[in-house]
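Naming convention: chains lettered A, B, ... in sequence-line order (proteins, then strands); numbering from 1 in each chain.
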Amino acid sequence: MMLANYCVSIFLIVLGLYAVANKHNMIKIVLGMGIVDYGVNLLIVSIGFGPGGTAPLFVISELMKGAYFVDPVPQALTLTSIVIGACVDAMALSLVIKIYRKYHTIDSTEVRRLNG
Amino acid sequence: MEILIALVRILIYPGLLFVAVGGLLLAGIDRILVAKMQRRVGPPLVQPFYDFFKLMGKETIIPHHANRTAYLAAPVIAVVSLAVTMLFIPLGGFSAVSGTADLIVVLYLLTIPAVCVIVGGSASGSPYAGVGISREMVAMMSYELPLVMVLLAVAKKVGSLSLQAIVAYQFQNGCMLFHWSMIPAAIALLLVIPGEAGVQPFDLAEAETEICEGTLAEYSGAPLGMFELNHAMKIFVLTALFTALFLGGIDTGIVPLNVVITFVICGVLVWLCCSLPHAICARLRIERLFKFYWTIVAGLAALSLVLAWFGL
Amino acid sequence: MSFSFPYLKYALGNLTKKTSCDMYPLKKKEVAPGYRGAIAYDPNKCVNCGMCMKVCSPGAITRTEVEKDGGKEITYRFDWTSCTFCGMCHDFCDEKAITMTDHYEMVGNAEDLVTVATYFKKTPAGKLTVSDDCVFCGLCAKNCPESAITVDRANKSWTVDEEKCVKCGKCISKCPKKALAFAKPQVKCGDDCVFCGLCAKNCPEEAITVDRPNKSWSVDPEKCVLCGKCVSKCPKKTLCI
Amino acid sequence: MFNKLIENSTAKSPWLYHMNTGSCNGCDIEIVAALTPHFDAERFGCKLAGTPRHADIILITGPVTEQSKDRLIRTLEQVPEPYVVMAVGSCPNSCNVFKDSYSVAGPLEKYCHVDVSVSGCACKPEAIMLGVVKATEILKEKRRAMKK
Amino acid sequence: MFNGLYIHFPVLAVMVLFLGAFLVVIFGTHAKNLRRVIAITAATISFALIYALIKPVMLDGEVISYWMGNWEPISGYALGIGYEIDGLNLFFALLVEATILLSGLYSLRYMERDDYLDRYYTLYLMLSGAVLGLVLTGDLFNMFVMIEIMTFAAVALTAFRNWTAGALEASFKYLVVGSAGSSFVLAGTILIYAQCHTLNMAQISSMLCGSQGLTPTTLLAFGLLFTGYGVKSYIVPFHPTAADAYTAAPTSVSMLFSGMVNKAGVYAMIRMAYVIFQAMGIPAVQTLLVLIGTVTMFVGVTMALAQHDFKRLLAFHSISQIGYVITAIGLGTALGLTSGLFHAMNHTLFKGLLFLCAGAVLYSTGTTSLDKLGGLSKKMPKTTILFLIGAFSISGLPPFNGFASKWMIYQSTYAKAMETNNIGFAFVTIVALVVSVMTLASFIKVTQSVFFGQVTPAAANAKEVPFAMRLPMWIMAIACVLGGVFYDKVLVWLLNPAASAALNVTNYIDKMMGDGYAATAGVQNIEAHGATLSFWNPVMWLILFVVVFFAVGLVVVFGKGTRGKVLEESEGQEIEAKYDSFFGGEKALPSHLGGSDLFWGFKHNWKGYFHFMQRMHSGVVNDYALWAVVGGAFVILYTFVFLR
């Protein structure tokens, strides 16, 4: 059924994690986090899909026995997840700006005063 | 009424007085045996009593850098906690207090005197005490591992962590020492006792030659007397623990006779594990001590733990 | 992990052996012969030559002299707490007045760790001489036990007979005018002196000078303390006081 | 009663603290020899203590040199009360052969009250032990005096 | 009480906190005192609401089920978001509330020197509201949302003092690894939703633990959720960010972190393992949890031994104590779970106390570096006593509460070892005991370098902290002591209800979804033999205290006579020779021995290990993210291989 969606979302998650784990440029790290988030959002949306279902918008009078709707709950969850993803990226970027102003670099290998 | 009995137990029989007198006697025996082994005459048997009362008479100088309350309270707490430890150890098959898993309670109660020595030394604020503390702590870390392994091996053999059950087990099927799988554990505990009591080859914390009496550098008078008492009581408590764990099976029916036999066994053990190393070996360096405990003694203890595990 | 038990065999063996301690305060311990312990000083032998004082490196020996009539009271003080017991004083004392005992328990407070001895040494009297304020009363002649003094009141003459006079000093004490005194004795050299120079070498005060080429022998009165060392050392026995 | 016990035990367990104020180590090894099996000072309960805080008898060897003078005074002040000073060997008593040397600051008498002095240039261990026995009596008196 | 009104208390408690945050934003920007009043009243109201629930839930054993907006489940199918409060929830809620209130009290005086305090109090209330919501909720996605809010507030609070070294860096690392963790949690939740088409935990657990067992999607969901909650509770592969965050955050916040935030992670782990998946019956999960717990214990303590900074040392200790809790929970026996919860509670108490002491030291001396500080006991005596109580209770010395919980942990691990005759658990007990000694060692290191010893220049002009800061410390210290002495009461009132609630899953489902629901779904409880505990009577402890006070009194009285006197504060003049410390006859030079030169012998022998650990905590964000991803991959691989 939605095999393509699942493969793409898994690919996106793995790509995002690769970016977070290997890229030294902090902005790329933040982008990586975004990509992971998008992968998970895609996963959420594709779960709610039912073949042949219509959009879950209806008026009580039209509600017939045979109507088959796509599951509305994951779509609601995706909304919150997108919002959260956006906030995370916003905060991360503001932190990167602050780090640049203080450390004068955004290379993650140099920003390592707290170690050991 | 129950509180009165408990008070008597703490203060008189297995508690403070008994352990203090027994400990000082054992310390006297220890000093005589070491002297005899060096073909010296050695002090009279009651020399530790003389030392203790002399120190009680001397003036206590509290140094400027010291923290007065910790400086004065540390020795007292050490002595009292040793007295309470004695309550848990079944002397002659009967222990004043017994509950489940009191092996672990005894293990932790034995760390309190060491911590009190450390806090006392650190509170006295002298640089020698600082070095003494770091040595005492590393020594504690080193002998804790084999001690734990020995206790767990015995507990595994008996099937429960309570000392009372261990003694009961030994009443049925003979002393633990005669089970061959437990002999490495017994040797390991014999090697741990001088380390924990701070006897010559392992007394790095109070090395009078290198760091001027280490943690006790700033102590004088009554607190120092308390620490000497603490040192003596610790030898008695540890050897009593050994007899309870490995020679608990000896029972002659009459409890006082049992206690006397236990004391005699403790005397022999003091010779074996405190005076013999003192007369023979020189003081170890701290990392050699650590390596000694974590390789040889821990190996012995682990051997008997594994043997006990395979039901031997 | 080389952890050996070096002395296990000895330790176990020692348990059975007798103690090697010699229980000192209970059993007195006799000391090796010729042990240089505390100093013993025999005042009568001492001739107050002062060699021991010179030779003692820590200066442990002190001498105090008190002038008494007819002699000096000499006290020698050997301070154990300052002595190194090297035995030099013993070696240099010709009369063997100082001996090293084998007493080693020199314990106590500092005052009594000392050997003190005093003796009275008559000044060896020289010839009896008379000063000019003699009134020839004849008292000295009367008191002289050996009647060595003859006084002739008439022609004011006073003579003493050298051989008879024992230099007891009674006449001096009796003379109302204090005119009599022993002359300071002199070391005199006889005629068969061979100028070997031994007396000069042994004199602690270097009072004697001997000049071998032109055969001269002289003594310096101030330096000489009349110790008599030169007399005993002279091979020809020609010296006398 | 308790004081009587303390007095007796003060005499019975003298802890020694050995202080070398410039000695030639002759007397030092004699002191340590006193603790060896042959002489065994431990019979009287003696023990060599590491700090002046633990000491009852202070064994001082060596003529008090200029450098060790103020260290000597400072250490003696740090000893808790009933304590006895014992001058071991001739040097502390009278600076022996180093009497008028430029670097010797005079006999021990000048700096503290010497209770017991043992003489001998390198005194015998027996003499030291006898000194310690005498010192223990003095300790007892001091302890009794302290209590009054 | 209020005959049934109490079912509204949980939601009210959460709402009050969020409302407080909102009000602080509006009114608090300029009015300094109003801001404080709002924060503290919000905290106290929610504290009162939650503590009022103890009677019904804990003592009477009732389970509150509360459906938001009255969306009752229709024909056995949950639609709305439900709050379900049973023993386990409330136990953690009590911990959370206590930490919130005490941290609030502490921050009143502690933070007064900072500016932008209105932002601080908003974030503080947001963080506490989020954690409380996470602990009380009965809905899986609601838990995810609360986790997100918690991470946000935590990151912002870590970066609050952005002028200190490493605050920004720590918050960035915290955010990166935290968001990776949250993505794992979200993916796990969604996979469960894909399988059960509901988000209510009770119904999920009835579906998952019912007859059909675990399908591949739920297995993957278990792996993902386990990793996600692991990141939140900072167990081994994910712990370095926590160490940085606790060090860089202001102390009243790092007290929140170590008392509350990682406890929320542990709660989520328990809820998932015991209730949703009921996976604790499977030995493979037990070994996984115990393995990770032991490694966390050991790594945490050995890293703490090598630290030069007071707060970083405490941070690594929090990680190692969480290791204890995870090990105890991972055993799966009732005694194990009880001891784990008990240790979690004690950890909140003594770790909070220690962090507040660190804050007090920072407040009065301005530095927390172990090498610079020294001799603070003369300047700050009360803080020293408090610190000693905290240090002794964390290292598990008998009269204190640390001992009671560690004693139970050893008992449970060893009982498990003997029961399953598997030597691995014996090894766990040995490691636990050795780690406890190392904890003691590191706190002795702190005692010697910071509090006792000679006064160093850094600590020269330190003054005692104001009483408002010491009050919360005293409350925690007294709780530590009482928890240790009367621990059997604590066991009966709080712990047994919590543990039995976690084990009794059918009751959890029936109370939420209506009776008999669990039976139809075929859910059975894991048979859990009761906690065979005979407490050794505290009477002995009372007598011990009598004896100790008698003895100390004797020494002090007897000592009064000829004992030495102590110099009053002689600022700068010459110390009288008699009372100067013995220095081989010299005049005692300032020679304070402390900081990193202690325990040379131990570190020398373990050189290889310490160098390796030093390299592993490299401080680079990528390494920490890599660690998190590798940890997650390992867990997922483990679940697929072993949980089939």
Side-chain angles (χ1 to χ4, degrees), chain B residues 2-3 6-7 10-11 59-65 67-68 72-73 76-77 80 84 97 99-102 104-105 108-109 111-112 115 118-119 122-123 125-127 130-131 133-135 137-138 140-141 144-145 148-149 152 155-156 159 161 212 217-218 221-222 286-287 290-291 305-306 309, chain E residues 375 377-378 384 396-398 403 407 410-411 414 418 423 426 429-430 433-434 437-438 440-441 444 447-448 452-454 532-536 539-540 543-544 547-548 551-552 555-556 558-559 562-564 566-567 570 575 578-584 591 593-594 598-602 604-605:
Chain B
E2 192 222 306
I3 298 235
L7 209 58
I10 272 206
L11 285 183
E59 175 205 9
T60 309
I61 301 177
I62 298 174
H64 171 69
H65 292 296
N67 172 352
R68 187 182 167 87
L72 286 179
V76 173
I77 296 174
V80 166
V84 170
V97 173
T100 58
D102 46 13
I104 300 169
V105 176
Y108 268 83
L109 278 174
T111 52
I112 291 193
V115 167
I118 287 169
V119 166
S122 139
S126 104
V131 176
I133 284 164
S134 90
R135 288 181 172 193
M137 202 55 230
V138 171
M140 217 170 116
M141 273 196 271
E144 199 73 20
L145 175 68
V148 157
M149 280 196 201
L152 293 185
K156 170 62 189 160
L161 276 165
C212 309
E218 288 301 324
I286 187 67
E287 85 275 8
F290 186 86
K291 194 175 283 184
L305 186 68
V306 166
W309 218 270
Chain E
S377 72
K378 295 191 95 57
T384 319
L397 294 188
F403 169 71
W407 178 62
Y410 302 140
Q411 238 181 329
Y414 207 67
M418 295 228 247
I423 201 160
T429 323
I430 293 168
L433 275 159
V434 171
V437 174
M438 287 190 213
L440 177 68
I444 293 292
T447 327
Q448 161 69 3
F452 292 133
Q454 290 149 14
T532 56
L533 252 182
S534 87
F535 331 108
W536 55 298
V539 167
M540 192 48 64
I543 295 160
L544 167 70
V547 169
V548 166
V552 170
V555 166
V556 169
F558 180 71
T562 61
R563 291 306 161 260
V566 175
L567 256 329
S570 59
I575 302 171
K578 178 167 186 163
Y579 297 100
D580 195 358
S581 53
F582 170 64
F583 206 70
S591 60
L593 191 125
L598 292 176
F599 311 144
W600 173 80
F602 176 69
H604 176 75
N605 279 328

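Shortest non-hydrogen contact noted between B/M141 and E/A441 is CE-CB, 3.7 Å. For the pair E/I444 and B/M137, the tightest heavy-atom approach, listed with the atom from each and the gap, is CG1-SD, 3.8 Å. The shortest non-hydrogen separation linking E/Y414 to B/K156 is OH-CB, 3.2 Å. Here the shortest heavy-atom pairing between B/I62 and E/Y579 reads O-CD2, 3.4 Å. Nearest heavy-atom pair, E/F452 versus B/V119, reported as atom, atom and distance to 0.1 Å: CE1-CG1, 4.0 Å. Closest approach of E/K378 to B/H65, counting heavy atoms only: NZ-C, 4.0 Å.
In terms of heavy-atom pairs under 4.5 angstrom with chain B, the leader among E/L397, E/T429, E/L433, E/T447 is E/L433. Each of E/L440, E/V434, E/T384, E/N605 has some count of heavy-atom pairs under 4.5 Å with chain B, and the biggest count is that of E/N605.
Within the 4.5 Å cutoff, the side chain of E/Q448 has no heavy atoms near those of the B/I118 side chain. Side-chain contact between E/W600 and B/I286: present, with at least one pair of heavy atoms (C-beta onward) separated by less than 4.5 Å. The shortest distance between side-chain heavy atoms of B/E59 and E/K578 falls below 4.5 Å. The closest side-chain heavy-atom distance from E/I430 to B/M149 is below 4.5 Å. The closest side-chain heavy-atom distance from B/P63 to E/D580 is not below 4.5 Å. Within the 4.5 Å cutoff, the side chain of B/S126 has no heavy atoms near those of the E/Q454 side chain. Residues E/F602 and B/F290 have side chains in contact (heavy-atom distance under 4.5 Å, counting atoms from C-beta outward). Between B/V306 and E/I423 the shortest side-chain heavy-atom distance falls below 4.5 Å.
To the nearest 0.5 Å, the span separating CZ on E/F403 from CD1 on B/I104 amounts to 8.0 Å.
At distances below 3.5 Å, not a single donor-acceptor pair connects side-chain atoms of B/E218 with backbone N or O atoms of E/S581. Panel note: side chain B/N67, backbone E/S377; no donor-acceptor pair is recorded below 3.5 Å.
Proximity to chain E (any heavy atom under 4.5 Å) is shown, for B/L152, by both the backbone and the side chain. In this structure, chain E has heavy atoms under 4.5 Å from both the backbone and the side chain of B/A123. Contacts between B/V115 and chain E at a heavy-atom distance below 4.5 Å involve the side chain alone, from C-beta outward.
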